[in-house]
S.K.: 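What follows is a structure written as structure tokens; I'll ask about it next.
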Amino acid sequence: MKQTLNELLDARVRAALSAAGCPDAPAVIQPAGRPEFGDYQANGVMGAAKARRMNPRALATEVVEKLDLAGIASQVEIAGPGFINITLDAAFLAGRANEALADARLGVPRPAAQRVVVDFSSPNLAKEMHVGHLRSTIIGDALARVLRYLGHEVIAQNHVGDWGTQFGMLTAYLIEVEQGGEAAIALNDLEDFYRRAKQRFDEDAEFATRAREYVVKLQGGDAQVGALWQRFLDISLHHCEEVYARLGVGLTRADVRGESAYNDDLPAVVTDLQAKGLAVESEGAQVVFLDEFRNKEGEAQAYIVQKQDGGYLYSTTDLAAVRYRAGTLHADRALYVVDARQSLHFQQMFTLARKAGYAPATLQLEHVGFGVMLGEDGKPFKTRSGGTVKLADLLEEAESRAFALVSAKNPDMAEAERREIARAVGIGAVKYADLSKNRNSDYVFSWDSMLAFEGNTAPYLQYAYTRIRSVFRRAEGWDETAPVVLSDPAERLLALELARFADTLDDVARETMPHFLCAYLYELAGKFMRFYEACPVLKSEGEVRASRLRLCQLTADTLRTGLGLLGIQVLETM
RNA sequence: GGCCCUAUAGUUGAAUGGAUACAACAGCCCCCUCCUAAGGGGCAGGUACAGGUUCGAUUCCUGUUGGGGCUACCA
């Protein structure tokens, strides 16, 4: 039975605590805060002693006596009020590295598999994707990749906005520009197309009436309007797919299940809620009063599922979607990677989905929220002209800045190769800038920080990888089965970091926090850079040389895999 | 008004209740006859305020102040 490092230490320390008379005490294992405290610390003794009115130092002594870390730790010490400091045995760390090298999964254990729905990206198809869509798209993609890597069955759901009044306006405008023979040009810039359609809608009452009629026709299943709507969606989705392709995001048409897909279910949802006594009429609308949420008068807060005019809302659509995800997709866990402003909506929706029986207790429902984007002035982000930055423009700028840098560093390199490197570096920098931040925080959009290529950035990690590749291009004749042997401190620190990969992935999947993986990879790359400076690889000899090459190999494999899970490419040279 | 999020070096960010708060950028100083200097080493600099819980608080609780969001028919 494979275990992560944390699981292994946790099990051993808990066994010792149990033997010392504290059967249910948590071990509280964590990486040591300072190098002189060893590699790991177990902090559970203080709490356990407190709960049992024991002397913590005495309990720590007893736990350490019972603690079996033979072949794992070289030193176990008690410090301070009852910390247990564990220094791992170099031979054990070398063994972990050797096991990882022998395993295609780098020694990462598979947890019990779940079926996980990940709802992410979900752009509004009426407009072009802008920087505000970046977070959901890449956080969701990274989570989907990590969950898949761990062995879960992931069902991506791109819950696109493809329904509602604005599509009547857009299809009506599409007909107009087609009659003028300018449809292809007009649709080239979706943002502009929307703006013009809106202008027509606001200025021309006749057009506005026609647009409203189209909405009714569309929702009534009219074939002609439906065909126009489909064409518009096709073009809009194509725009999205160009962005996904550039970002290296794995979403396809098969993952698209937009709001329109639930259209036929909406009346049934409302009827069902009424039948269950949950939805009632109030001020002409169909409303569910949820006791769990109070309004300003202290009464149960209203959650509208059908408007006065009979129209439906995103609440209704999301209820239909959760019913589908539970009932048809049989999900064990559903993640909603959606902006934090919708937090209340999701709390209400989840609560109602449970009450209505759409989501069984066994289905974990999680709103994976993220902070809103701010400008450099700390206020909600807008460009100087008051608009938004198109995602495509950001990516273009990223590639062009990276291209200038690559060209400056490699003037003799063929342009095609420089372009390829610039693409991976530029896109990687944009993604990493976003993924490396705690998603709960609001996020300041800045061209310079988004497009930085030094320090804690994707290019730093990519650069570490190319350095390793460069070593291997020069290493002639080496033993690809040689064991890792650790002697130099820099080797040991690198091996220790490598051994933490599996725990990191567990943390990312459990907490839905991609920035844990970024922080890990940055640490790993840093440990490698120091090893690289301190320990000559190719100029060393014998088993030391072979061992160092093997460490390089595992580092490269881990960096490539980890960056791959973030959707960031590695390069042979840069 | 109520509810949610948030406040960490000059700046942008990290820190499952653990020991002397971790980085990057910007600043200053070193290191390419040495496996790619997009790198490495060093200096300097920080938890909004006031209480509380705890053996121990950036973390939990209360209050104050500042920022953002949501709060019945947009999503």
S.K.: Given that both distances must come in under 3.5 Å, which nucleotide forms a Watson-Crick or G-U wobble pair with G27(B)?
M.R.: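 When the pairing criteria are applied, C43(B) turns out to be the nucleotide that pairs with G27(B).
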S.K.: If you find the nucleotide of RNA chain B closest to Gly80(A) and the one closest to Pro459(A), which residue's nucleotide is nearer the 5' end?
M.R.: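 So the residue in question is Gly80(A).
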S.K.: Once you round it to whole Å, what is the distance between C1' of A72(B) and CD of Gln301(A)?
M.R.: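 Whole-Å distance recorded here is 9 Å.
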S.K.: Does the side chain of Tyr520(A) come under 3.5 Å of the side chain of Arg500(A) through a donor N or O and an acceptor N or O?
M.R.: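 No donor-acceptor contact under 3.5 Å links the two side chains.
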S.K.: Check whether Phe528(A) forms a cation-pi arrangement with Arg467(A) (NZ or CZ under 6.0 Å from the six-membered ring centre, at most 45° off the ring normal).
M.R.: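 No; the conditions do not both hold, so Arg467(A) does not lie above the ring face of Phe528(A).
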S.K.: Between Glu191(A) and Arg195(A) (salt bridge meaning N to carboxylate O under 4.0 Å), is one present in this structure?
M.R.: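 No.
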S.K.: Near RNA chain B, which residues from residues 503-516 of chain A have a heavy atom under 4.0 Å away?
M.R.: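 Close to the strand are His515(A), Phe516(A).
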S.K.: For G41(B) and Arg530(A) - does any side-chain N or O of the residue sit under 4.0 Å from the phosphate oxygens OP1/OP2?
M.R.: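 For G41(B), OP1/OP2 do have a side-chain N/O of Arg530(A) under 4.0 Å.
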S.K.: So, does Ser441(A) get its side chain near the phosphate of A14(B), meaning an N or O under 4.0 Å from OP1 or OP2?
M.R.: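 Yes, Ser441(A) has a side-chain N/O under 4.0 Å of OP1/OP2 on A14(B).
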S.K.: When you measure from the side-chain N and O atoms of Gln30(A) to the phosphate of G18(B), is any distance below 4.0 Å, counting only OP1 and OP2?
M.R.: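 Indeed, a polar side-chain atom of Gln30(A) lies that close.
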S.K.: Quick one: label Glu572(A) by what it contacts on the DNA or RNA (base, sugar-phosphate, nothing), any heavy atom closer than 4.0 Å.
M.R.: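 Counting heavy atoms under 4.0 Å across all strands, the contact made by Glu572(A) includes a base.
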S.K.: Between Thr573(A) and Met529(A), which has a closest nucleotide on RNA chain B that is more 5'?
M.R.: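 Final value for this comparison: Thr573(A).
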S.K.: With a cut-off of less than 4.0 Å, is there a side-chain N or O of Lys307(A) near OP1 or OP2 of C74(B)?
M.R.: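 For Lys307(A), the contact criterion (side-chain N or O under 4.0 Å from OP1 or OP2 of C74(B)) is met.
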S.K.: Is the His159(A) to Tyr314(A) ring centre distance short of 6.0 Å?
M.R.: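 Centroid separation for His159(A) and Tyr314(A): 6.0 Å or greater.
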S.K.: For A7(B), which nucleotide is its Watson-Crick or G-U wobble mate, given both distances must be under 3.5 Å?
M.R.: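 Looking at the geometry, A7(B) pairs with U65(B).
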S.K.: So what's G1(B) paired with, Watson-Crick or G-U wobble, going by both distances under 3.5 Å?
M.R.: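 In the structure as shown, G1(B) has U71(B) as its Watson-Crick or wobble partner.
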S.K.: For Met574(A) and G39(B), give me the distance from atom CE to atom P, rounded to whole Å.
M.R.: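 It is 9 Å, rounded to the nearest whole Å.
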S.K.: Atom CZ of Phe83(A) and atom P of G56(B): how far apart are they, to the nearest Å?
M.R.: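 Interatomic distance, CZ of Phe83(A) to P of G56(B): 12 Å.
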S.K.: When you look at CD of Glu543(A), are more than 12 heavy atoms from neighbouring residues, nucleotides or ligands closer to it than 6.0 Å?
M.R.: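 For Glu543(A), atom CD is not crowded (no more than 12 foreign heavy atoms under 6.0 Å).
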S.K.: What's the NZ-P distance between Lys409(A) and A38(B), to the nearest Å?
M.R.: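 Answer to the nearest Å: 4 Å.
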S.K.: Could you give the CD-to-P distance, from Gln41(A) to G17(B), as a whole number of Å?
M.R.: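 Nearest whole value for this atom pair: 14 Å.
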S.K.: When you check the phosphate oxygens OP1 and OP2 of G40(B), does a side-chain N or O of Tyr460(A) lie under 4.0 Å from one of them?
M.R.: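 Yes, Tyr460(A) has a side-chain N/O under 4.0 Å of OP1/OP2 on G40(B).
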S.K.: For every nucleotide of nucleotides 23-30 of chain B, 5' to 3': is a protein heavy atom under 4.0 Å from its base (B), only from its sugar-phosphate (S), or from neither (-)?
M.R.: SSS-----
S.K.: Any ion pair linking Arg14(A) and Asp10(A) (charged N to carboxylate O, less than 4.0 Å)?
M.R.: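 Looking at Asp10(A) and Arg14(A), the cut-off is met.
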S.K.: Consider side-chain hydrogen bond (donor to acceptor under 3.5 Å, both in side chains). Of Gln348(A), His345(A), Gln342(A), which one does Asp318(A) pass it with?
M.R.: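 When Gln348(A), His345(A), Gln342(A) are each tested with Asp318(A), the side-chain hydrogen bond (donor to acceptor under 3.5 Å, both in side chains) holds only for His345(A).
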S.K.: What contact category does Gln462(A) fall into here, base, sugar-phosphate, or nothing, at under 4.0 angstrom with non-hydrogen atoms?
M.R.: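 Result for Gln462(A) = nothing.
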S.K.: In whole Å, I'd like the distance from the CD atom of Gln348(A) to the C1' atom of U71(B).
M.R.: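 From Gln348(A) CD to U71(B) C1': 9 Å.
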S.K.: For the pair Asp448(A) and Arg401(A), find out whether any cationic side-chain nitrogen is under 4.0 Å from an anionic carboxylate oxygen.
M.R.: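 Between Arg401(A) and Asp448(A) there is a salt bridge, with a charged N closer than 4.0 Å to a carboxylate O.
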S.K.: Under 4.0 angstrom, heavy atoms only, what part of the nucleic acid is Ala285(A) near: base, sugar-phosphate, or nothing?
M.R.: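 Ala285(A): base contact, heavy atoms under 4.0 Å.
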S.K.: In terms of side-chain heavy atoms of Asn43(A), which of G18(B), C73(B), A38(B) is nearest?
M.R.: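 Within the option list, the nearest is G18(B).
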S.K.: In whole angstrom, what separates Phe528(A)'s CZ from G39(B)'s C1'?
M.R.: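 After rounding, the reported distance stands at 11 Å.
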S.K.: Regarding Arg423(A) and Glu420(A), does a basic nitrogen lie under 4.0 Å from an acidic carboxylate oxygen?
M.R.: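 A salt bridge links Arg423(A) with Glu420(A).
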S.K.: Looking only at side-chain N and O atoms, does Lys437(A) come under 4.0 Å of OP1 or OP2 in G13(B)?
M.R.: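 So the side chain of Lys437(A) is outside the cut-off, no N or O lying under 4.0 Å from OP1 or OP2 of G13(B).
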S.K.: Looking at every strand, decide which applies to Asn85(A) at a 4.0 Å heavy-atom threshold: base, sugar-phosphate, or nothing.
M.R.: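 Here Asn85(A) touches the bases of the nucleic acid.
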S.K.: With ring centroids as reference points, do Tyr336(A) and Phe346(A) lie under 6.0 angstrom apart?
M.R.: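 That pair passes the under 6.0 Å test.
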S.K.: Is the phosphate of U16(B), meaning OP1 or OP2, less than 4.0 Å from a side-chain N or O of Asn6(A)?
M.R.: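 Checking U16(B) against Asn6(A), no side-chain N or O comes under 4.0 Å of OP1 or OP2.
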S.K.: Does CD belonging to Glu36(A) count more than 12 external heavy atoms closer than 6.0 Å?
M.R.: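 It does: Glu36(A) CD has more than 12 such atoms within range.
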S.K.: Within this structure, what is the OH-to-P distance between Tyr314(A) and U71(B), rounded to whole angstrom?
M.R.: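 Distance check: Tyr314(A) OH to U71(B) P gives 6 Å.
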